[in-house]
Amino acid sequence: MAHGPAKGIGRWLFTTNHKDIGTLYLWFSFTMFLLGGFFAMVIRAELFQPGMQIIRPEFFNQMTTMHGLVMVFGAIMPAFVGLANWMIPLQIGAPDMALPRMNNLSFWILPFAFAILSSTLFMEGGAPNFGWTFYAPLSTTYAPPSVNYFIFAIHIMGASSIMGSINIIATVLNLRAPGMTMMKMPLFVWTWLITAFLLIAVMPVLAGAVTMMLMDINFGTSFFNAAGGGDPVLFQHVFWFFGHPEVYIIILPAFGVISAIIPTFSRKPLFGYSSMVYATAAIAFLSFIVWAHHMFTVGMPLTGELYFMYATMLIAVPTGVKVFNWVATMFKGAMSFETPMLFAIAFVILFTIGGFTGLMLAIAPSDIQYHDTYFVVAHFHYVMVAGAVFSGTGAVYYWLPKWCGKMYNETMGKLQFWIAFIGFNITFFPQHFLGLAGMPRRYADYALQFADWNMVSSIGAFMYGAAQLLFLYNVIATIVAGKPVTEPKTWEGAEGLEWTVPTPAPYHTFSTPPEVK
Amino acid sequence: MLAKAEQLFVRMLAPLLLLPLAANSMAEGGMWSEVINMTPGVTEVSRQIYDLHMIIFWISVVIGVLVFGVMFYSMIAHRKSKGYKAANFHESTTVEIAWTVIPALILIVMAIPATTALINLYDTDDAELDIKVTGYQWKWQYEYLGEDVAFMSELATPESEIYNQGEKGEFYLQEVNEPLVIPVDTKVRFLITAKDVIHSWWMTDFGVKKDAIPGFINETWAKVDKTGIYRGACTELCGQGHAFMPVVVRVVEKAEYQEWIGNKKAEAAAMRELTEKVFTKDELMAKGEEAYNRSCAACHQTNGEGIPGVFPAMKGGVITTGELAGHLDIVVNGKPGTAMQAFGAQLSEVDIAAIITYERNAWGNDMGDVVQPIDVLKFKQGQ
Amino acid sequence: MVTSPTQRLVVKLLGGAVAMFFFAIFVLPPIYDVFCDITGLGGKTGGKYVPEESVIDESRTVRVQFVATNNGAMPWDFKPMVHEVRVHPGAAVPVKFMAKNTTSKDMVAQAIPSVSPINAARYFLKTECFCFNQQPLAAGAEAELPLVFIVDRDLPSAVHTITLSYTLFDITGRSDAPLTASTN
């Protein structure tokens with residue numbers, strides 16, 4: 001079995017190799033990231049000035065919806081699945097994932113699903129236009145004809161995630177090298193293990209929600225239709241029962257990446273390993289019981305609203321523990337600031353800021369003023385972009401040498417970081433002000449007092465977009481013409497089994513399990 | 001060397017001394033307050049929310065400064081390039097307990113004012129005035145319960161301003177044809193529902209936001225302590241007109257309110273008389289154009305061309321150039337299963353007569369028909 | 001059949017995923033409905049109430065307001081005959097709504113009730129309500145729609161005003177009710 005990869009396109013269509021599949025996921029997610037980013041550029045171009053200059057409000061709603069769907073389901077989630085595929089077997093000393101053929105299927109249904117979703121832009125009535133949160137009845141009775149294709153695409157993406165999660169759990173539980181006990185696993189593996197359980201629990205709930213939608217739209221049921229005794233608010237409960245764990249699904253693997261990068265560049269072990277594991281588990285558990293904090297204005301009884309406020313505030317505790325542990329890892333380390341470390345440090349700062357605005361949002365009476373405004377948009381972009389995306393970008397710079405045996409250009413990497421960092425903050429920091437000043441979200445046009453900050457935000461967005469093109473250039477330039485590296489332990493402070501295999505990693509690794517002390 | 005790092009750190013701290021300045025300018029009246037922060041508003045609830053918001057904000061700033069301060073100090077002092085040697089500690093149960101318990105205590109402290117504010121926000125009892133707010137695609141309907149006064153409140157900004165064919169007015173997208181009028185210092189209860197999809201009624205300055213859900217009724221309240229005109233927004237995605245259905249409330253002295261509501265009731269009576277009046281074609285065309293642009297053009301467009309496949313064209317349209325009875329029926333009764341609403345319940349007979357006359361004669365349709373308000377009334381009654 | 005630990009784990013996880021799917025569709029909605037019925041949360045009132053004995057609490061007066069909304073393009077005239085009544089908890093109170101089919105087609109409607117404040121909903125008991133049934137009306141026909149309700153004596157003392165809202169939905173395409181002119 002120790003022969004090299006197949007030749008030609010067949011290699012990529014039929015591969016069962018975790019490294020190949022990881023590569024496929026990563027390239028797919030980056031393509032989706034650029035597509036979703038293009039939609040964002042359309043949004044920010046239209047919002048550059050008050051008035052409708054470029055597109056009509058109906059199309060604007062399609063752009064905001066597609067931006068959200070593509071970014072969440074097509075870019076962020078597959079990117080971290082790609083990292084999981086590449087790194088989990090290497091980090092636990094396994095030769096591959098537990099179910100290599102299902103792994104191939106999990107990937108290839110994704111381009112299919114997103115082809116269907118993207119094609120809705122060209123259908124009569126246009127693409128989905130009801131927000132990525134697709135509340136009923138806007139998404140049922142009042143939806144465009146493409147809604148059925150949207151539901152189909154969601155089902156396929158969900159199936160991909162569920163299969164991927166089953167694979168990850170089976171791999172982590174059953175294929176660890178002898179001596180690799182659970183409490184010796186790198187934190188990236190832990191966070192993915194916990195995330196995989198979350199996915200198995202809630203992706204089917206999303207599938208349930210869209211199936212109920214499908215039945216209401218096409219088969220005359222009344223799950224969400226008051227006329228037949230149903231309730232639009234039921235949709236929100238079911239959706240957010242999925243939706244809140246979903247955002248932790250997005251961020252937990254990102255936490256795992258940061259927990260790998262910071263110790264490496266601090267040349268010091270991760271502080272509080274067991275606390276980090278318990279905190280991650282606590283966050284995952286709490287994520288199931290806070291969903292209605294997305295619904296504070298829906299007309300919930302007082303006791304319910306108080307409960308969800310208290311439970312949501314609680315999540316700040318384990319999250320804070322993680323941030324303190326990262327800082328304690330840095331403290332009295334011997335730090336160097338290569339590109340991955342820059343992204344990791346930016347993550348800690350900017351994700352924490354997003355955490356503070358999250359705490360503000362958790363306070364239900366204040367949320368009356370923040371809900372459905374740009375304050376929320378700013379919050380979730382801080383945690384999802386400066387959080388998950390920065391973490392993913394840092395991960396690529398960190399592990400790229402191991403994947404392809406070439407070192408990226410450090411100056412170009414730092415340049416890309418600074419443009420991204422500055423562009424990101426110029427885009428999203430002013431959005432806090434817009435929300436506090438009274439600008440709702442999903443608005444195609446706005447009153448004049450919001451014009452200045454919108455213009456600033458749009459300028460930042462174009463800068464941030466440019467930074468992604470530079471990232472693409474950096475990655476391709478490295479693969480094609482980067483300085484070759486052969487040192488297995490590419491980074492001086494790196495620890496972990498992936499840094500014991502040759503650089504670049506051979507097609508098959510750990511065919512014999514390593515010895516883990 | 002360490003002293004130098006500490007010097008650098010102290011110099012970096014100096015800008016933090018500007019924080020009190022920033023705090024001052026962010027307080028009400030400060031120069032940045034309008035465009036950076038929410039305002040305390042004009043009700044007790046909005047002020048409670050504002051105070052809570054500022055408390056949590058400052059607690060977050062202090063914690064952030066402490067945590068990032070340690071980080072930045074470390075980034076300067078603990079560098080390999082400065083020859084610093086890494087320590088090896090990597091756990092401490094005491095420290096983990098400390099930074100679990102202390103944040104939890106801070107949260108408990110925050111929860112107390114939050115709970116008080118929320119309980120107050122929920123106390124809708126003993127209101128002096130009840131107003132039903134209904135969200136439509138894409139306007140609001142206000143009904144004064146028990147007074148028999150109801151009207152639509154639609155965006156008054158002309159389409160030409162939105163599509164950059166004219167300069168935008170001061171209250172661009174924040175002006176309506178008929179604002180809600182309520183008396184000052186009066187507890188007003190709002191009963192909120194929707195006609196089609198979920199909307200949300202947000203009066204920023206009152207600290208009031210509640211979702212408008214079709215088939216369900218929600219309630220909230222406000223007691224405004226300062227007269228003035230206040231502008232809010234729809235805050236739940238409701239389709240293409242989501243950004244184009246502002247909330248405008250005029251808060252007036254109690255005596256002025258009594259006068260206003262008396263006038264509105266008289267208006268309703270006068271409108272019934274106007275229904276008997278015979279208008280000239282020019283009068284109907286002029287009023288019709290204004291009413292059409294306000295209530296119909298959002299979908300059917302000012303040029304009457306509609307949006308192919310979505311909203312039918314009025315120009316050369318099958319119904320607008322067809323039988324009058326069919327035209328009356330669809331405007332008055334709407335078309336179930338589509339977005340065409342039953343305007344018979346929303347607009348006066350005068351408006352409907354004018355709109356239909358306009359639609360049948362504008363854009364080259366030239367049907368020659370003239371529809372009088374009494375014709376509309378007879379159609380409604382004769383069915 | 002010998003299965004490996006991995007195969008058994010995969011079957012369990014897949015089973016879990018399938019279970020969560022059916023949970024979402026067949027358990028969550030009924031739990032939500034039951035929760036709403038028991039607690040009255042969401043403003044949903046219950047079904048037909050059969051009163052036991054009527055002991056009236058004369059010491060207390062509760063204001064009950066009536067509100068009517070037409071959903072979507074529903075064109076009927078629909079309104080309460082009175083805006084509000086003042087009642088003693090425990091007393092059965094009859095009120096009427098008026099509905100008129102102003103179109104030239106026979107139609108069927110469904111009225112959906114909703115009560116505010118939320119904590120009053122389960123104390124609002126209907127012994128007779130036009131909302132229990134579908135409402136067919138022939139073209140041009142008008143009907144008086146009856147409602148008889150009791151405000152439960154256990155209504156929290158903090159509540160002084162209850163608002164009952166009906167939303168009228170057009171269910172002509174969906175209903176099985178025969179279309180006859182009715183003036184019930």
Side-chain angles (χ1 to χ4, degrees), chain A residues 50-53 57-58 61 124 131 135 137-138 142 226 232-233 267-272 275 297-299 302 305-306 309-310 313 316-317 320-321 324 327 330-336 349 352 356 359-360 363-366 368-369 371-372 433 436-438 440 442-448, chain B residues 35-38 49 52-53 56-57 60 64 67-68 70-71 74-75 78-81 84-87 90-91 96 99-100 103-104 107 111 114-115 117-118 121-122 162-164 168 172-174 197-198 200 204 207 209-211 213-216 218 233 235-240 242-243 309:
Chain A
M52 303 304 296
Q53 284 81 22
E58 311 84 87
N61 289 346
E124 190 172 322
Y135 283 4
L138 186 62
Y142 295 82
V233 178
R267 294 165 181 76
K268 192 160 152 283
L270 181 68
F271 188 90
S275 295
T297 61
V298 90
L302 178 62
E305 199 135 318
L306 283 171
M309 171 169 79
Y310 301 145
M313 288 167 78
V317 175
V321 164
F324 300 139
V327 175
M330 291 165 70
F331 197 75
K332 295 203 170 160
M335 281 187 273
S336 58
I349 299 172
T352 303
F356 287 137
L359 179 60
M360 292 166 80
I363 307 291
S366 310
I368 300 301
Q369 299 285 49
H371 176 69
D372 244 299
F433 307 148
L436 294 178
R442 296 167 169 167
Y443 259 37
D445 196 2
Y446 48 80
L448 300 181
Chain B
V35 291
I36 286 197
N37 199 7
M38 70 168 75
I49 292 176
L52 200 50
H53 157 75
I56 312 293
F57 170 73
S60 302
V67 174
F68 301 151
V70 171
M71 265 182 83
S74 189
M75 282 157 68
H78 305 146
R79 297 177 158 232
K80 179 165 190 237
S81 59
Y84 193 83
K85 287 280 174 284
H90 58 88
E91 60 186 359
E96 297 287 354
W99 63 40
T100 306
L107 289 174
T115 306
L118 196 65
L121 206 143
Y122 265 74
I162 298 175
Y163 287 96
N164 308 303
K168 297 176 174 51
Y172 176 72
L173 294 192
Q174 292 201 309
V197 296
I198 301 181
S200 190
T204 334
K209 181 185 291 162
K210 207 58 159 211
D211 286 359
I213 302 172
F216 292 83
N218 268 335
T235 34
E236 185 61 59
L237 178 64
C238 52
Q240 63 179 78
H242 175 47

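Letters A, B, ... are given to chains in the order of the sequence lines, protein chains preceding strands, and every chain is numbered from 1. Computed from a prediction, not measured in an experiment: that's the story for all the values here.
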According to side chain to side chain contact (heavy atoms under 4.5 Å, CB included), who are the partners of A:Val317, at least two apart in sequence or on a separate chain? B:Thr100, B:Ala104, B:Leu107
Holding to side-chain hydrogen bond (donor to acceptor under 3.5 Å, both in side chains), I want the full list of residues that pass it with A:Tyr142, two or more places apart in sequence or in another chain. none
Side chain, backbone, both or neither: which part of [X] has a non-hydrogen atom closer than 4.5 Å to chain A?
X: B:Leu118; value: both
X: B:Lys85; value: backbone
X: B:Tyr172; value: both

Return the orientation label for the B:Trp99 and A:Phe324 ring planes: parallel under 30°, perpendicular over 60°, tilted otherwise. tilted
Greatest number of heavy atom pairs closer than 4.5 Å to chain B - which of [options]:
options: A:Ser366, A:Ser336, A:Ala316, A:Gly320; value: A:Ser366
options: A:Ala364, A:Ala444, A:Gly131, A:Ser275; value: A:Ser275
options: A:Val298, A:Ile363, A:Val233, A:Val327; value: A:Val298

Atom pair CE (B:Met71) and CE (A:Met330), whose distance is rounded to the nearest 0.5 Å: 4.0 Å
Checking A:Met360 against B:His53 for the side-chain contact (heavy atoms from CB on, under 4.5 Å) test, could you report, in this order, the C-alpha distance in whole Å, the side-chain angles of both residues, the deciding distance, and whether it holds? CA-CA 7 Å; A:Met360 292 166 80; B:His53 157 75; 3.4 Å; yes
Do A:Thr352 and B:Val67 touch side chain to side chain, with heavy atoms closer than 4.5 Å? no
Side-chain heavy atoms of A:Leu138 within contact of B:Cys238, under 4.5 Å: no
Heavy-atom distances under 4.5 Å only: say whether A:Asn61 touches chain B with side chain, backbone, both or neither. side chain
Please state whether the side chain, the backbone, both or neither of A:Gln369 comes within less than 4.5 Å of a heavy atom of chain B. both
Can you name the closest pair of heavy atoms from B:Ala243 and A:Asp445 and give their distance? CB-O, 3.6 Å
For the pair A:Met335 and B:Tyr84, evaluate side-chain contact (heavy atoms from CB on, under 4.5 Å) and give the outcome as yes or no after the intermediate values. CA-CA 8 Å; A:Met335 281 187 273; B:Tyr84 193 83; over 6 Å; no
Tell me whether B:Lys209 contacts the main-chain N or O of A:His371 through its side chain, where contact means a donor paired with an acceptor under 3.5 Å. yes
Option in B:Ser60, B:Ala111, B:Ser81, B:Gly215 with maximal non-hydrogen atom pairs under 4.5 Å from chain A: B:Ser60
In sequence, state the C-alpha distance, the side-chain angles, and the governing distance for A:Tyr135 and B:Glu236, and then conclude on side-chain hydrogen bond (donor to acceptor under 3.5 Å, both in side chains). CA-CA 10 Å; A:Tyr135 283 4; B:Glu236 185 61 59; 5.2 Å; no
Stepwise side-chain contact (heavy atoms from CB on, under 4.5 Å) check, A:Tyr443 with B:Leu173: CA-CA 11 Å; A:Tyr443 259 37; B:Leu173 294 192; over 6 Å; no
